Amino acid sequence: MRIVLLGTAAGGGFPQWNCWCPICRAARVEPHRAQARTQSSAAVSADGERWFLLNASPDVRQQLACLPGPLPTSVRHGPVEGLALTDAELDHTLGVVLLREGRVLHLYATEPVRAILEQDSRILPVTRAFADTRVTRLPVGDRTQLRYRDDTASGLSLEPFLVAADPPRFATGAETGHTTGFLVRDDATGGSCAFVPGCGALTKPLLESWESVDLLLFDGTFWSDDELINLGISDRSARAMDHLPVSGSDGSLRQLAGLAVPHKVYTHINNTNPMLLEDSSEREAVEQAGVTVGVDGMSFLV
Ligand code: MLT
Ligand code: MN
Ligand code: ZN
């Protein structure tokens with residue numbers, strides 16, 4: 001299975017259009033210190049040609065241009081066979097409506113995620129006006145085969161698992177399963193990847209469930225719990241926004257460091273996070289702990 005990080009920034013991207021925090025400022029004024037990043041999304045493929053998106057970001061148009069594959073011979077062709085959504089947050093789902101020219105869109109989501117897209121963000125009804133939009137319901141804790149557009153099995157399966165989070169702030173319902181991570185497995189190679197772009201807390205069972213994966217893509221939104229409060233741009237802590245901070249004695253870095261997973265990579269990194277700066281002490285601490293700060297275009301074969 002090939003996994004490509006299409007986007008590694010949190011909502012707003014990096015630098016964020018209206019942000020002049022020290023990190024966004026550095027990215028603009030001293031661009032050698034930090035690479036720009038698009039909003040969080042990944043793509044997985046069993047054959048390196050046909051791709052399934054893990055979340056559909058508002059930057060999907062630009063991101064799809066980076067996917068490898070053969071030169072199409074038909075007038076209309078896109079490399080995306082299907083889209084799997086971990087949750088219904090806007091930065092993970094606005095790309096669905098942006099792919100409306102695709103004519104047939106095959107989505108994979110839990111029932112609570114589907115319901116929020118149907119009733120609250122109305123991304124499904126809007127997309128359906130343009131494209132034949134099908135949703136395969138993903139049961140939490142069970143594997144579902146990903147199928148190609150011609151209905152043959154891809155050999156890849158998805159298993160959603162629950163993560164600590166509140167539903168999106170615009171959601172009216174709060175059914176269990178509104179926010180998940182995915183275990184993606186390749187039947188042929190036995191390779192596996194855990195994709196967890198948002199996670200409010202780490203538990204022992206969650207960490208244990210990742211012990212045998214080859215690649216862990218994990219929530220690197222905030223460096224510290226009071227990051228936005230200290231910058232004066234929000235009164236909410238990282239944890240209140242359902243993002244476990246990287247640093248601290250009970251932060252994610254210390255807990256991930258103890259996990260014997262070959263590749264551990266932060267994604268969904270907010271533009272305020274100092275680990276984005278390549279010369280920062282925070283970046284050094286992450287690398288010292290054996291974790292990688294993800295960047296767009298990174299690719300893994302498992
Ligand atoms: C989040 O990651 O917490 C959400 O994407 C927030 C947002 O969409 O503003
Ligand atoms: Mn987000
Ligand atoms: Zn910023």
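Sequential numbering from 1 along the given sequence is applied to the chain's residues. None of these values were measured; they are calculated from a predicted model.
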Contacts of R149 that satisfy salt bridge (Lys or Arg N to Asp or Glu O under 4.0 Å) - sequence neighbours left out = E81
Grab the two heavy atoms, one from S57 and one from S41, that are nearest each other, plus how far apart they are.
-> CB-CB, 4.3 Å
Compute the ring centroids of F182 and Y108, then answer whether they are less than 6.0 Å apart.
-> no
Side-chain contact test, heavy atoms from C-beta onward, threshold under 4.5 Å: evaluate it for V265 versus F218 and give yes or no.
-> no
Indicate whether any N or O donor in one side chain lies under 3.5 Å from an N or O acceptor in the other, for Q145 and S157.
-> no
Any side-chain heavy atom of D214 within less than 4.5 Å of one from V261?
-> no
Test item: K264 side-chain N/O and T292 main-chain N/O as donor-acceptor pair under 3.5 Å = no
Identify the two heavy atoms, one from V96 and one from A56, that lie closest to each other, and give their separation to 0.1 Å.
-> N-CB, 3.6 Å
Between F52 and Y148, is a ring-ring contact (aromatic ring centres under 6.0 Å, His included) present by the stated rule, with each step listed?
-> CA-CA 9 Å; F52 292 90; Y148 293 127; 5.8 Å; yes
When rounded to the nearest 0.5 Å, the distance separating CD of Q288 from CG of L253 is 10.5 Å
With a 4.0 Å cut-off, would you call E118 and R122 a salt bridge?
-> no
Gap separating the CG atom of L244 from the SG atom of C199, nearest 0.5 angstrom | 6.5 Å
What are the two closest non-hydrogen atoms of S280 and P274, and how far apart are they?
-> OG-O, 3.0 Å
Between the CG atom in L277 and the CD1 atom in I23, the distance rounded to the nearest 0.5 Å is 4.0 Å
Presence of salt bridge, R61 and D59, under 4.0 angstrom = no
Residue list, side chain to side chain contact (heavy atoms under 4.5 Å, CB included) with H243, at least two apart or on another chain | D219, T221, F222, M241, H268
From H178 NE2 over to I116 CD1, what is the distance, rounded to the nearest 0.5 angstrom?
-> 7.0 Å
Which heavy atom of I3 sits nearest a heavy atom of C193, and at what distance?
-> CD1-CB, 4.1 Å
Nearest heavy-atom approach of A171 to P167 is CB-CB, 4.1 Å
Using the test salt bridge (Lys or Arg N to Asp or Glu O under 4.0 Å), find all partners of D187 that sit at least two apart in sequence or belong to another chain.
-> none
List in chain and number order the residues that pass side chain to side chain contact (heavy atoms under 4.5 Å, CB included) with T93, two or more places apart in sequence or in another chain; answer none if no residue qualifies.
-> L85, L117, I123
With sequence neighbours excluded, residues passing salt bridge (Lys or Arg N to Asp or Glu O under 4.0 Å) with D150 = none
Taking the six-membered ring of F14 (Phe, Tyr or Trp), confirm whether the NZ or CZ of R37 is under 6.0 Å from its centre and within 45° of its axis.
-> no
Shortest non-hydrogen pair, G7 vs T38, comes out as CA-OG1, 3.3 Å
Flag the pair E111 and R137 as a salt bridge only when some basic side-chain nitrogen lies within less than 4.0 angstrom of an acidic carboxylate oxygen.
-> yes
Does R2 make a cation-pi contact with W51, if we ask for NZ or CZ under 6.0 Å from the ring centre and within 45° of the axis?
-> no
Roughly how far, to the nearest 0.5 Å, is the CD atom of Q255 from the CG atom of L207?
-> 5.5 Å
From L156 CG over to L146 CG, what is the distance, rounded to the nearest 0.5 angstrom?
-> 6.0 Å
Salt bridge or not for R239 and D250, using N-O below 4.0 Å?
-> yes
Salt bridge (Lys or Arg N to Asp or Glu O under 4.0 Å) against D120, all qualifying residues, sequence neighbours excluded = none
